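Accompanying notes for the structure given below.
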Amino acid sequence: MTTRKKTVRAPAKVAARAKSPSPKASALASKRAAQSERTRTRILDVAEELLGQHGFYGTTIREVARQAEVDTALLHYYFDSKQGLFDAVFERRATIINSERLDALDAYEKRVGKNVEVEGAIEAFLNPILDWIAKGGQGWRNYFAIVAQVNATPVWGTAVMVRYFDPVIQRLIALVQKALPDAEPVDLYWAYHNLSGALTLTLGTTGRIDRLSNGLCRSDDVEALRARMIAYAAAGFHAVCEPQPKKPKKK
């Protein structure tokens with residue numbers, strides 16, 4: 001008669017311990033992940049600079065790879081295509097700036113309650129952007145140059161702006177509507193359109209005003225711009241959106 005040997009199973013904890021990677025393997029995996037993230041960030045930084053300088057169509061995958069000192073295959077591995085690379089560049093900072101602007105608008109409304117003013121709403125909307133232009137370094141300036149191009153590009157820019165920036169803009173307009181309850185929506189949107197044009201030129205930091213003013217004004221002088229832009233935009237909203245008194249007819 002044959003006696004079968006009983007199979008002795010390892011306790012669950014012992015089995016789990018046997019399958020878990022060694023400390024050395026874990027450290028190696030962490031090191032590789034960190035290196036991969038640094039490489040990805042370097043690619044994004046290079047792409048951001050080139051896109052800011054040359055735009056979407058003037059930037060090539062090959063040139064990004066060359067300046068980032070990686071093979072083009074690695075860009076396709078991380079981002080799939082040039083459009084995927086552009087989306088990653090755009091989203092990286094859009095998520096930060098839009099979160100800050102929504103927080104600023106919410107904080108302003110919470111602070112003033114029903115006493116919302118156009119100037120305060122515009123200040124909350126603009127300040128996070130102006131702060132990053134002033135203190136964020138070249139990376140943020142490169143990014144805002146891209147935003148300026150996208151905002152003025154009807155072919156492929158519209159979809160990008162809708163995806164990333166429309167929720168913040170709608171929040172601003174809803175807040176301004178509380179300050180100007182009698183304003184017509186059509187007037188609010190036209191007023192924002194004019195603010196957007198001024199902001200787009202500011203984001204581009206083109207140096208245009210430097211030349212026009214013969215050096216009296218500088219396009220990178222954020223603090224000189226800040227108060228003037230808020231006052232100018234607020235006055236525009238008031239002028240466009242508030243009912244204007246009718247002029248008496250001449251007899």
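The shown structure was predicted, so the numbers you read here are calculated from the model rather than taken from an experiment.
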Write down the atom of L180, the atom of F237, and the distance for their closest heavy-atom approach. CD1-O, 4.0 Å
When rounded to the nearest 0.5 Å, the distance separating CE of M229 from CG of L130 is 7.0 Å
Is K178 atom NZ crowded by more than 12 heavy atoms from other residues, nucleotides or ligands, each under 6.0 Å away? no
D220: salt bridge (Lys or Arg N to Asp or Glu O under 4.0 Å) partners, not counting sequence neighbours: R218
So do the side chains of T205 and F144 get within less than 4.5 Å of each other, counting heavy atoms only? no
Which is it for D221 and R228 under the salt bridge (charged side-chain N to carboxylate O under 4.0 Å, His left out) test, yes or no, and what are the steps along the way? CA-CA 12 Å; D221 189 347; R228 291 173 173 86; over 6 Å; no
Step-by-step side chain to side chain contact (heavy atoms under 4.5 Å, CB included) determination, L85 to L44: CA-CA 8 Å; L85 174 61; L44 289 173; 4.1 Å; yes
N151 side chain vs V147 backbone, donor-acceptor pair below 3.5 Å: no
Restricting to non-hydrogen atoms, name the atom on L74 and the atom on T39 that form the minimum distance, rounded to 0.1 Å. CD2-CG2, 3.6 Å
Return the CG to CD1 distance between L225 and I209, rounded to the nearest 0.5 Å. 8.0 Å
Would you check if K135 and V222 make a side-chain contact, meaning some heavy-atom pair closer than 4.5 Å? no
Please give me the minimum heavy-atom distance between A65 and T72, naming the atom from each residue. CB-CG2, 3.7 Å
State yes or no: do F125 and Y189 share one hydrophobic cluster built from I, L, V, M, F, W and Y residues joined by side-chain heavy-atom distances below 4.5 Å, directly or via other members? yes
Identify whether Y77 and I43 are in the same connected component of the hydrophobic contact network (ILVMFWY, side-chain heavy atoms under 4.5 Å). yes
Should L199 and V240 be counted in the same cluster of Ile, Leu, Val, Met, Phe, Trp and Tyr side chains packed under 4.5 Å apart? no
Parallel, tilted or perpendicular, as decided by the 30° and 60° cut-offs, for the rings of W140 and W132: parallel
Heavy-atom check, side chain of D87 versus side chain of R163, under 4.5 Å: yes
How long is the span from the CG atom in N142 to the CG atom in D45, to the nearest 0.5 Å? 9.0 Å
Checking the side chain of E119 only, and the main-chain atoms of I230 only, is there a donor and an acceptor separated by less than 3.5 Å? no
Could you check E109 against R171 for side chain to side chain contact (heavy atoms under 4.5 Å, CB included), going step by step and ending with a plain yes or no? CA-CA 11 Å; E109 185 176 23; R171 178 73 177 93; 2.6 Å; yes
Distance from F56 atom CZ to T153 atom OG1, nearest 0.5 Å? 11.0 Å
Are the side chains of E48 and I146 in touch, meaning some heavy atoms are under 4.5 Å apart? yes
Main-chain N/O of Y192 paired with S196 side-chain donor or acceptor, under 3.5 Å: no
R226: which residues meet the salt bridge (Lys or Arg N to Asp or Glu O under 4.0 Å) condition with it, sequence neighbours left out? D131, E223
Using 0.5 Å steps for rounding, measure from the CD atom of Q149 to the NE2 atom of H54. 10.0 Å
Look at the aromatic rings of Y164 and F90 and report parallel, tilted or perpendicular, splitting at 30° and 60°. tilted
Working note: E184 + W190, criterion side chain to side chain contact (heavy atoms under 4.5 Å, CB included); need CA distance, chi angles, decisive distance, verdict. CA-CA 10 Å; E184 295 291 337; W190 275 119; over 6 Å; no
Does some side-chain heavy atom of F86 sit less than 4.5 Å from a side-chain heavy atom of T59? no
Rounded distance (nearest 0.5 Å) linking atom OG of S219 with atom CG of L201: 8.5 Å
So which heavy atom on P167 is nearest to which on L102, and how close? O-CD2, 4.4 Å
I133 and L203 have their tightest heavy-atom pair at CD1-CD2, 3.7 Å
Do L105 and V112 sit in the same hydrophobic cluster, where Ile, Leu, Val, Met, Phe, Trp and Tyr count as joined when their side-chain heavy atoms come under 4.5 Å apart? yes
Y108 and V116: CA distance, side-chain angles, deciding distance, side chain to side chain contact (heavy atoms under 4.5 Å, CB included) verdict: CA-CA 8 Å; Y108 171 71; V116 175; 3.9 Å; yes
Provide the closest heavy-atom pair for P128 versus A104 in the form atom of the first, atom of the second, distance. CG-CB, 4.2 Å
4.5 Å side-chain heavy-atom contact, R92 and T41: yes
Evaluate whether atom CZ of R42 has more than 12 neighbouring non-hydrogen atoms of other residues, nucleotides or ligands under 6.0 angstrom away. yes
Please say yes or no: joined through hydrophobic side-chain contacts below 4.5 Å, possibly via intermediate residues, are F79 and Y57 part of one cluster? yes
